[in-house]
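For reference, the structure is listed below as structure tokens.
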Amino acid sequence: MLSGKRVLLIIGGGIAAYKCLDLIRRLKERGAAVTPVMTRAAGEFVTALSVSALAGEKVYSDLFDLTDEAEMGHIQLSRVADLVLVAPATADLMAKMATGQAGDLATTLLLATDTPVMIAPAMNVRMWDHPATQRNLGVLRQDGVTVVGPNEGDMACGEFGPGRMAEPLEIVAAVDALLTVGPLAGKRIVVTSGPTHEPIDPVRYIANRSSGAQGTAIAAALQALGAEVVFVTGPAEVSPPDGVEVVPVETAVQMRDAVRAALPADAAVFAAAVADWRVVGASDSKIKKIAGALPTLSFEENPDILAEISQMSDGRPGLVVGFAAETDDVIANATAKRARKHCDWIVANDVSPATGIMGGDENAVTLISDAGVEDWPRMGKDAVAQQLAARIADRLV
Ligand code: C5P
């Protein structure tokens, strides 16, 4: 339920604006109050009269409306809500948000707000796929904006593909998930994920096959329980989850520095596959291929982030969780690893090829803690993440 919650709904100028009328009804059905804001273009698609009648509140649309400023200034308007929801978020609005423009009331509110922001994009499929829009989407996600949709389907313009605004009930479910206080509300958790890339020269690097799937699922599950998640990720295949603070890094040293900068935290989960070594004196220019002469690379050890953070004497997170991917003697090796690294929990799994776990959607893990060894049944990586997040919540509250 959303009773007691206020949503500042910014309606952008797109054909999907008609769905906002239903969205307002659905939000109000669940007990939310809705303060509507319309861009000038939105008025071409829905009338302020319908919006205001359904919301039961006046529609704000003009930055320079002196009566509004007398009643409630635009800064105050941007902060009275628990959530700023932009639906439909047009390509134009997304671009303006990504570049911090503030030329009208809607964009000024988005720049001035200190509350969470969610967008429901809607646009023509080519506009959605355009690198500029995808670039803006990446920036907005990094800024912590939650994105719901768009869905794939027939579009008003006659084309087919991603670009349809999410349905009102999907948006309401996302609002619910964001605003309902979870057991991890107020807890800050750092999650590492993905591989690291260790440069040989500006164009070559040493990497590993980690996709980042399990780390991403864990960050999403922690965030869904209300945690403030700092997601420190190497160059992964999977996109980071919405609503978390993303810190992209390449190397193990950068990952260690980013983790340290993200502290203090209540917990840290180290799901990244960090390269054990880096090349000594990586070249600043591309190493030339010379017939018959092979380059010699020498290596030095990378910081062991899990071990380093676990052994901090000052400011150690209250709970430190590591992973152990093993092919033999899983329990014995993982138990030894937990002791060697001084972490609280180790999530161990058997990654021998016969298990099909590496690169697959499922995982069968064993949780090793001071309480002993606990085998979890084989389940999807999302379910492993949710169960782990629930256990972390049990431990932290
Ligand atoms: O030693 P090993 O790589 O098997 O340990 C795995 C665990 O340690 C994982 O949680 C991984 O994220 C973490 N780790 C780390 N920094 C490293 C190596 C591993 O944080 N340099």
Side-chain angles (χ1 to χ4, degrees), residues 1-12 14 16-37 54-55 81-91 93-94 97-98 106 109-110 113-123 128 133-134 136-153 162-185 216-229 231 238-246 382-383 385-386 389:
M1 285 300 279
L2 292 168
S3 29
K5 303 290 181 195
R6 176 167 291 277
V7 175
L8 185 73
L9 174 65
I10 296 181
I11 306 174
Y18 81 91
K19 290 189 193 173
C20 276
L21 301 177
D22 192 31
L23 177 61
I24 294 170
R25 277 188 51 227
R26 302 293 185 182
L27 286 167
K28 289 189 59 96
E29 250 169 34
R30 296 188 65 76
V34 178
T35 306
V37 174
L54 284 164
D82 299 284
L83 173 75
V84 179
L85 171 62
V86 187
T90 58
L93 260 176
M94 285 175 62
M97 286 172 75
L109 295 174
L110 284 159
T113 191
D114 57 1
T115 53
V117 176
M118 180 184 289
I119 62 171
M123 66 198 71
W128 175 253
T133 304
Q134 290 301 311
N136 293 333
L137 179 69
V139 169
L140 293 173
R141 283 201 158 116
Q142 271 191 39
D143 290 347
V145 170
T146 304
V147 184
V148 47
N151 295 341
E152 197 165 280
R164 280 166 64 109
M165 188 169 90
E167 295 305 318
L169 283 177
E170 286 175 65
I171 300 175
V172 171
V175 171
D176 226 357
L178 197 81
L179 292 185
T180 308
V181 176
L184 286 172
T216 302
I218 290 167
L222 291 167
Q223 196 263 342
L225 294 186
E228 175 194 351
V229 176
F231 186 61
V238 180
S239 307
D242 288 332
V244 305
E245 183 187 332
V246 182
D382 284 351
Q386 282 155 17

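Closest approach of Gly12 to Ala17, counting heavy atoms only: O-CB, 3.8 Å. Closest approach of Gly243 to Thr146, counting heavy atoms only: CA-OG1, 3.8 Å. The two residues Val246 and Pro240 come nearest to each other via the heavy atoms CG2-CB, 3.8 Å. Closest heavy-atom contact between Ser239 and Thr216: O-CG2, 3.4 Å. Residues Ala122 and Met165 come closest through the heavy atom pair CB-CB, 3.5 Å. Here the shortest heavy-atom pairing between Pro121 and Pro150 reads O-CB, 3.6 Å.
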| field | From CA spacing to verdict: side-chain contact (heavy atoms from CB on, under 4.5 Å), Val175, Met118 | value | CA-CA 8 Å; Val175 171; Met118 180 184 289; 3.9 Å; yes

| field | Derivation of the side-chain contact (heavy atoms from CB on, under 4.5 Å) call for Lys19 and Ile171 | value | CA-CA 11 Å; Lys19 290 189 193 173; Ile171 300 175; over 6 Å; no

| message | side-chain contact (heavy atoms from CB on, under 4.5 Å), that's the test. Do Met123 and Thr90 meet it? Break it down for me. | response | CA-CA 6 Å; Met123 66 198 71; Thr90 58; 5.8 Å; no

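Taking the side chain as every heavy atom from C-beta outward, Leu21 and Arg25 never approach each other to under 4.5 Å. Side-chain contact between Ile11 and Leu9: present, with at least one pair of heavy atoms (C-beta onward) separated by less than 4.5 Å. With contacts defined as side-chain heavy-atom distances shorter than 4.5 Å, the pair Leu23/Leu85 qualifies. Between Ile119 and Met97 there is a side-chain heavy-atom pair separated by less than 4.5 Å. Here the side chains of Asp176 and Leu2 are in contact, with some heavy-atom distance below 4.5 Å.
Distance alone, capped at 3.5 Å, is enough to place a donor-acceptor pair between the Gln134 side chain and the Trp128 backbone.
Considering CZ of Arg26 and CG of Leu54, their distance stands at 12.0 Å, rounded to 0.5 Å. Distance check, rounded to the nearest 0.5 Å: CG of Asn136 to CE of Met94 gives 6.0 Å. Put simply, CG on Leu222 and CD on Glu228 are 12.0 Å apart, with the number rounded to the nearest 0.5 Å. In this structure, the separation between CD1 on Ile218 and CD on Gln223 is 14.5 Å, given to the nearest 0.5 Å.
For the pairing with Leu27, the side-chain contact (heavy atoms from CB on, under 4.5 Å) check across Asp22, Leu83, Val34 returns one residue only, Val34. In summary, of the residues considered (Val117, Val37, Thr35), a side-chain contact (heavy atoms from CB on, under 4.5 Å) with Ile10 occurs for Val37 alone.
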